[in-house]
Structures are given as C-alpha cells and as structure tokens.
J.: 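Sharing a structure below in structure tokens format, with a few things to ask.
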Amino acid sequence: MVTMRSRSNSTFPARLVQTGAATAAAAAVGVLAADPDGAWYRSLVLPSWQPPRAAFPIVWTGLYAGLAVTSAAVLARHDMEAGSGSAKAQTHRSGFQRAFTANLVLNAGWSVVFWRVRNPRLASLEAAVLAASTIDLACRAAREDGRLGASLLPYAAWTVFAKVLTSAIARRNPDLRG
C-alpha cells in the first residue's frame with residue numbers, strides 16, 4: 001500500500017500541471033470571449049438577482065482551481081490503479097479524461113455562444129449540457145472517492161445557476177436574434 005500511495009503522489013504534480021494548463025486554457029477562452037462593457041451586453045435586460053459583475057472572476061477562479069486540483073487527484077489515483085495492469089482502471093481513467101476535456105470545451109463554449117454569437121437562448125441550452133457534464137464529472141470523481149466528488153459540487157451548483165441565469169436573460173430579451 002505504501003508503494004501505491006507514493007506512486008499516486010508522484011503522478012499528482014504532473015497531472016496537476018496538465019489539468020491546470022487545460023483549465024487555464026478554458027478560462028482564457030472565456031475571458032477573451034467576454035465583453036461585459038460592450039453595447040450589446042449593456043442593452044440586455046438582466047434579472048435583479050444576477051450577482052454583481054465583480055463576483056464572476058472571484059467565483060470562477062476558485063471553481064477552476066478546484067476543478068484542476070480535483071481532476072489531477074482523480075487522474076493520479078487512476079494512474080496508480082492502471083499501473084497495476086487493471087483494464088477497468090484504464091477504462092475509468094480514459095473515461096474521466098474524456099469527460100474532463102468535454103467539460104472544459106463546454107465551459108469555454110458557453111462564453112463563445114453567449115458573448116460572441118450573442119445568442120442567450122442557444123447559450124441556455126449549452127449551459128444545460130455543461131451542467132449535466134459537470135454533474136457527471138462530480139459523479140465520476142465520487143466513484144473514486146466521495147470527497148473528490150463532493151469537492152466538485154460547488155462547480156456543479158454554479159453551472160446549474162449559470163443555466164438558470166442564462167435562461168432568465170433569454171426570457172427577458174425575446175427579440176434577440178443571435
């Protein structure tokens with residue numbers, strides 16, 4: 001057991017670099033796509049319960065950090081198990097990697113659809129898929145360790161909130177044509 005634990009710990013830093021870089025890339029796409037000072041966004045009718053603008057970078061920074069660390073921990077555990085030759089562990093590892101990648105693509109994609117395509121209705125649909133993807137990612141992490149799954153629950157909750165918020169914006173702005 002000591003050998004397996006040290007092997008898992010030795011793969012964690014490399015996995016953290018990978019998941020951190022991938023998460024940072026998704027965040028960068030989101031930042032580059034966003035235009036909260038633009039005329040289009042300022043013309044939108046927003047719900048009164050929308051968080052203040054300053055909340056978004058604060059919340060997302062924490063969520064992205066948690067996603068990178070948790071995903072690195074899950075993948076390091078899978079590395080340890082797959083290293084023992086377990087085909088099931090290798091399948092779980094590749095499944096988690098695909099789910100993590102898809103989640104980041106969906107995450108960055110919401111920003112592009114909302115801010116650049118300027119289509120809140122389509123962004124609302126995309127946000128629903130993102131929320132489902134995030135819940136799936138949390139469930140996959142929980143299969144490895146319940147604490148890892150629980151650590152992704154704030155991210156899942158925020159993506160569900162993003163879906164609700166985006167839908168509210170779409171409803172309040174019915175004349176938008178993307």
J.: Is the Trp110 ring parallel, tilted or perpendicular to the Trp115 ring (thresholds 30°, 60°)?
T.: perpendicular
J.: Transitively linked via ILVMFWY side-chain contacts under 4.5 Å: Phe161 with Leu152?
T.: yes
J.: Could you list the donor-acceptor pairs under 3.5 angstrom formed by side chains in residues 99-106, with sequence neighbours left out?
T.:
from	atom 1	to	atom 2	distance (Å)
Thr101	OG1	Gln97	O	2.9
Asn103	OD1	Tyr155	OH	2.5
Asn103	ND2	Ser133	OG	3.1
Asn103	ND2	Thr134	OG1	2.9

J.: What heavy-atom pair brings Ala108 and Ala26 nearest, and what distance separates the two atoms?
T.: CB-O, 3.9 Å
J.: Do you know the tightest heavy-atom contact between Thr23 and Ala68?
T.: OG1-CB, 3.9 Å
J.: What's the separation between atom NE2 in His92 and atom CZ in Arg77, rounded to the nearest 0.5 Å?
T.: 14.0 Å
J.: Where do Leu122 and Asn119 come nearest, in terms of heavy atoms and distance?
T.: N-OD1, 3.0 Å
J.: Do side-chain atoms of Ser43 reach the backbone of Trp40 as a donor and acceptor pair under 3.5 angstrom?
T.: yes
J.: Between Ser151 and Thr70, what is the shortest heavy-atom contact and its length?
T.: OG-OG1, 2.7 Å
J.: In chain order, what residues pass the salt bridge (Lys or Arg N to Asp or Glu O under 4.0 Å) check against Arg53, with sequence neighbours excluded?
T.: Asp37
J.: Do Leu130 and Leu153 land in one hydrophobic cluster if side-chain heavy atoms of ILVMFWY residues count as linked below 4.5 Å?
T.: no
J.: Look at the side chain of Ser94 and the backbone N and O of Thr91, then say whether any donor-acceptor pair between them is shorter than 3.5 Å.
T.: yes
J.: Could you state the interatomic distance from OG (Ser71) to CZ (Arg140), rounded to the nearest 0.5 Å?
T.: 11.5 Å
J.: Which value, rounded to the nearest 0.5 Å, describes the distance between Leu32 atom CG and Arg116 atom CZ?
T.: 8.5 Å
J.: Hydrophobic clustering (ILVMFWY, side-chain heavy atoms < 4.5 Å, transitive) - are Tyr41 and Val31 grouped together?
T.: no
J.: Can you find a pair of side-chain heavy atoms, one from Ile169 and one from Gln50, that are under 4.5 Å apart?
T.: yes
J.: Verify the distance criterion only: is there a donor paired with an acceptor across the side chains of Ser167 and Lys163 at less than 3.5 Å?
T.: yes
J.: Quick one: do Val45 and Phe114 end up in the same hydrophobic cluster if we chain Ile, Leu, Val, Met, Phe, Trp and Tyr together by side-chain heavy atoms under 4.5 Å apart?
T.: no
J.: Where is the tightest heavy-atom contact between Ala141 and Val74, given as atom of each residue plus distance?
T.: CB-CG2, 3.7 Å
J.: Using the rule that two of Ile, Leu, Val, Met, Phe, Trp, Tyr join whenever any of their side-chain heavy atoms come within less than 4.5 Å, decide whether Val129 and Leu63 are in one cluster.
T.: yes
J.: Who pairs with Arg171 by salt bridge (Lys or Arg N to Asp or Glu O under 4.0 Å), at least two apart in sequence or on another chain?
T.: none
J.: To the nearest 0.5 Å, what is the distance between CG (Leu148) and CG (Leu137)?
T.: 11.0 Å
J.: For Ser10 and Pro13, which heavy atoms make the closest approach, and how far apart are they?
T.: O-CD, 3.5 Å
J.: Identify which one of Gln18, Arg15, Met80 satisfies the side-chain contact (heavy atoms from CB on, under 4.5 Å) criterion when paired with Leu75.
T.: Arg15
J.: side-chain hydrogen bond (donor to acceptor under 3.5 Å, both in side chains) with Arg93: which residues, sequence neighbours excluded?
T.: Asp79
J.: Find the distance between OG1 (Thr61) and CZ (Phe56) and round it off to the nearest 0.5 Å.
T.: 13.0 Å
J.: If the condition is ring-ring contact (aromatic ring centres under 6.0 Å, His included), which residues does Tyr64 pass it with, not counting sequence neighbours?
T.: Trp60
J.: Going by the rule side chain to side chain contact (heavy atoms under 4.5 Å, CB included), which residues pair with Ile135 if we only count those two or more places apart in sequence or in a different chain?
T.: Cys139, Ala156, Val160
J.: Please say whether more than 12 non-hydrogen atoms of neighbouring residues, nucleotides or ligands are located less than 6.0 Å from CZ in Arg147.
T.: no
J.: Any chance you could measure Glu81, atom CD, to Gln90, atom CD, to the nearest 0.5 Å?
T.: 11.0 Å
